Amino acid sequence: MQRLKTREVKIGNLIIGGNHPVRIQTMTTTDTMDTEATVNQTIRCIEFGAELVRITAPSKKEAENLLNIKNELTKRGYSTPLVADIHFTPNAAEIAARIVEKVRVNPGNYVDKKKFEQIEYTDEEYAEEIDRIRERFTPLVLICKEHGTAMRIGTNHGSLSDRIMSRYGDTAIGMVESAMEFLRIARDNDYHQIVLSMKSSNPKVMIEAYRLLVKHMQDEFGECYPLHLGVTEAGDGEDGRIKSAIGIGTLLSEGIGDTIRVSLTEEPEMELSVCRNILERYEIRDGRVENEKQKSTVKIQQEKSPISNLPSQISHLKSVFNVIADTSKIPVLSTKHFELFGYTYNEADDKWSISDQAADYVFCNEVPRFSLPGTIGVLTYYQQWLPYCANPHCYPLFDILQYIEQGQYVHHEKLNFVMMDANPNAYAENVRTTIFEQLKQDRTAILCLSSTRQEAIEDIRNLCYELKKNSIPNQVIIITDNSSDSMDKALIQYSVEAGSLLLEGWLNGVCFGFQFGQPVVNEAEVESQVSMLNSISFGILQATRTRISKTEYISCPSCGRTLFDLQETTAKIRAVTNHLKGVKIAIMGCIVNGPGEMADADFGYVGSGVGKITLYKNKEIVKRNIDSDVAVEELINLIKENGAWVDAM
């Protein structure tokens with residue numbers, strides 16, 4: 001994979017950008033004033049592969065203690081660069097810049113304030129505010145320049161200042177302009193040791209912001225600074241990994257990104273293995289592409305409008321984004337197997353119960369011989385389908401070459417699933433022309449696209465775009481198989497390939513298969529994979545906001561500012577709210593990450609002091625400084641008071 005050409009930035013003994021590898025990093029969760037604990041955790045992170053380690057410095061005293069931490073690390077033989085994380089406190093940044101190799105500032109709260117106020121600025125008043133920022137930010141720039149300290153200008157979607165919000169709104173372009181203001185000041189002082197980031201808890205916003213930032217830097221400066229990629233407040237477990245993989249992996253697959261962090265509400269060491277899995281999947285530790293080539297690539301992607309904007313002429317496929325459960329590794333399905341993808345059969349009542357994460361179709365080798373719930377369709381290869389062709393809920397799966405010879409075959413009157421390789425070299429030009437001509441005449445065909453090439457996303461995107469240009473609005477499902485040695489690695493491929501295309505509006509459904517890198521031990525292992533793939537499918541649809549099937553948690557990774565046990569509290573809140581389909585709950589460790597970082601959460605649970613919690617509805621404080629012992633119960637009461645609560649089944 002070739003990558004965007006960026007400036008080189010030196011961070012201690014490490015160089016980011018240029019022709020250097022993509023670097024991985026994480027952040028400590030200890031109290032910065034606890035030197036021993038922070039040093040020990042930093043060493044664990046380094047030994048797990050961190051090439052940079054970030055440490056919070058919320059005030060002058062923590063910034064000053066970075067010297068003790070750095071000296072102790074040096075004494076123990078570690079020289080990995082340290083990054084001071086700064087919010088609100090320019091004085092702390094100026095102290096830290098003289099000690100550590102890099103400082104991170106957030107332009108949304110470094111000088112500007114966020115009180116959720118709408119203020120109308122004239123051009124003159126806006127210019128005066130920029131001058132005020134220049135006056136306050138320039139001293140840090142000069143200190144960094146003097147001491148050879150690098151800087152990350154890190155914009156967060158949820159903490160855009162009132163000034164930026166008033167002029168640009170809650171938008172990706174607002175995020176870009178927030179960073180560009182600070183970057184222009186740095187450049188005016190001939191300071192270039194800068195890395196930038198555009199983080200959001202919503203992968204779609206995050207991806208759009210980075211793409212826009214690249215374009216704006218190229219248009220205004222004729223060059224790009226290195227980019228640090230991350231999805232902020234991604235959460236924990238499978239959901240956190242899916243969100244991060246979609247956001248980070250999509251951009252890396254386009255050649256954008258020089259350093260990454262996966263923000264999980266887990267121990268910091270756990271983030272690093274996910275980083276490695278993402279980089280390993282896309283083999284992008286090396287290689288670059290010149291700016292003009294990358295610039296044209298970004299431009300092409302901006303010009304391509306999603307196929308989903310076309311009026312679909314297919315009325316028979318379900319209107320929701322569809323999930324196909326692949327059970328082809330199970331020889332014969334029983335009612336018990338249907339529990340793996342959301343259906344439970346009660347033999348005494350002869351009834352099916354259906355969960356919010358019930359697959360829409362099941363792909364199988366042999367059509368089940370028992371009565372099925374009416375909400376699921378059965379999909380099987382053409383020859384296996386023929387004996388059941390009279391069953392209106394059973395559909396054939398054709399190879400594309402079978403399909404174009406359709407005169408020889410019986411077809412389903414409503415839906416026919418057609419497998420096609422999106423590799424541009426898969427078919428001769430005359431065959432491709434025949435395929436397109438036939439699709440124009442057949443609105444029953446659902447295209448199931450796949451590509452085994454490293455450029456799978458580009459292959460499928462380009463084919464969808466070609467279909468659009470030829471006025472072929474047939475719906476598209478992605479089929480992605482994986483033969484990794486672990487589901488953790490496979491999840492990266494599923495998330496990036498399906499997630500990026502879902503965000504761009506090209507897909508109407510997903511079907512994931514697992515080829516098993518190791519020999520299958522028993523049927524229980526196969527069943528476990530089917531269940532996990534169904535969960536991942538719905539997780540990706542949720543992360544891309546294309547189909548909501550569960551509660552969404554926006555949970556920050558812990559750090560030295562955190563005022564309660566984030567992992568324990570997140571698990572406690574999840575346990576009592578995970579049935580609230582579509583409700584978004586933010587769990588933030590401190591005021592730095594809330595309310596701003598909560599972005600579009602419906603309800604917020606934010607640490608406001610030791611043992612104290614403040615509850616929010618959207619961005620408004622509802623209950624302040626509640627004792628943490630009763631805060632979860634009070635959160636439930638708040639959800640109930642606002643009509644968002646339902647009892648668990």
Side-chain angles (χ1 to χ4, degrees), residues 24-29 45 48 50 54 156-158 197 199-207 228-252 260-279 281 357 486-496 498-500 502-503 532 535-545 548-559 562 565-575 577-578 583-589 593-594 597-601 604-605:
I24 64 175
Q25 58 181 284
T26 187
M27 184 173 182
T28 59
T29 61
C45 292
F48 268 78
R54 184 153 48 113
N156 274 18
H157 180 217
S197 64
K199 293 192 177 184
S200 171
S201 62
N202 183 336
K204 183 174 185 177
V205 174
M206 172 257 196
I207 292 167
H228 167 75
L229 306 185
V231 175
T232 191
E233 282 82 51
D236 60 355
E238 181 182 282
D239 291 340
R241 285 159 174 78
I242 287 172
K243 273 189 180 182
S244 295
I246 291 172
I248 296 171
T250 296
L251 290 166
L252 289 176
I260 66 175
R261 183 206 172 186
V262 173
S263 299
L264 300 177
T265 311
E266 301 177 20
E267 292 300 315
E269 302 96 309
M270 301 300 294
E271 299 178 348
L272 298 166
S273 62
V274 185
C275 289
R276 284 192 294 271
N277 286 342
I278 293 173
L279 294 183
R281 172 67 185 89
Q357 294 194 0
S486 74
M487 189 59 77
D488 286 343
K489 293 181 180 179
L491 179 146
I492 302 301
Q493 180 182 347
Y494 302 136
S495 298
V496 180
S500 59
L502 282 163
L503 287 174
M532 282 192 285
S535 177
I536 289 170
S537 298
F538 281 96
I540 291 171
L541 294 178
Q542 178 103 4
T544 55
R545 310 288 175 93
I548 304 301
S549 61
K550 55 186 176 180
T551 316
E552 181 171 346
Y553 299 94
I554 302 169
S555 176
C556 71
S558 183
C559 72
T562 302
D565 189 322
L566 260 173
Q567 294 181 49
E568 179 183 329
T569 303
T570 299
K572 186 184 299 184
I573 292 173
R574 187 188 288 270
T577 61
N578 62 9
V583 176
K584 295 190 286 292
I585 300 174
I587 307 161
M588 298 291 158
N593 286 319
E597 304 295 356
M598 295 188 300
D600 59 348
Y605 181 106

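Count residues from 1 along the sequence. Fair warning: this is a prediction, and the values are worked out from it, not measured in the lab. Values below: all heavy atoms of this structure, side chains included; hydrogens, waters and symmetry mates excluded.
V231 and S244 get closest at one heavy-atom pair: CG2-CA, 4.0 Å. Minimum interatomic distance between E238 and L491 (heavy atoms only, all atoms of both residues): CG-CD1, 4.0 Å. Contact record, A50 with T26: CB-CG2, 4.1 Å, taken as the closest heavy-atom pair. Scanning all heavy atoms of the two residues, the minimum distance from S500 to T250 falls at CB-OG1, 3.1 Å. Here the closest heavy-atom approach between residue I573 and residue I585 is recorded as CG2-CG2, 4.3 Å. In this structure, Y553 and R574 approach most closely via the heavy-atom pair OH-CA, 3.4 Å.
Looking at Q542, its side chain does come within 3.5 Å of a backbone N or O of S549 through a donor-acceptor pair. Using a distance-only test at 3.5 Å, with no hydrogens or angles considered, a donor-acceptor pair links the side chain of T551 to the main chain of T577.
Considering only heavy atoms from C-beta on, M206 comes within 4.5 Å of L251 through its side chain. Counting heavy atoms from C-beta outward, E271 and E266 have side chains that stay 4.5 Å or more apart. The closest side-chain heavy-atom distance from R545 to N202 is below 4.5 Å. Contact of the Y605 side chain with the T569 side chain is registered, since non-hydrogen atoms from C-beta on lie closer than 4.5 Å. Counting only heavy atoms from C-beta outward, the side chains of I536 and M487 approach each other to under 4.5 Å. Considering only heavy atoms from C-beta on, L252 comes within 4.5 Å of L279 through its side chain. In this structure the side chain of H157 never reaches within 4.5 angstrom of the side chain of S201, judged on heavy atoms. Side-chain atoms of K550 and N578, non-hydrogen and from C-beta on, never get closer than 4.5 Å to each other.
To the nearest 0.5 Å, atom CG of residue L264 and atom OG of residue S273 are 8.5 Å apart. Between the CD1 atom in I248 and the OG atom in S495 there is a gap of 11.0 Å [rounded to 0.5 Å]. To the nearest 0.5 Å, atom CD of residue Q25 and atom SG of residue C45 are 11.0 Å apart. Rounding to the nearest 0.5 Å places CD of Q493 at 12.0 Å from CG of N277. In this structure, NZ on K204 lies 14.5 Å from NZ on K243, to the nearest 0.5 angstrom.
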Exercise. Are S197 and H228 close enough, and set up right, to give a side chain to side chain donor-acceptor pair (under 3.5 Å), and what steps lead you there?
Worked result: CA-CA 5 Å; S197 64; H228 167 75; 5.5 Å; no
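The number of heavy atoms from other shown groups lying within 6.0 Å of CE (M532) is above 12.
Each of V496, I492, T544 was scored for a side-chain contact (heavy atoms from CB on, under 4.5 Å) with I246, with one residue passing: T544.
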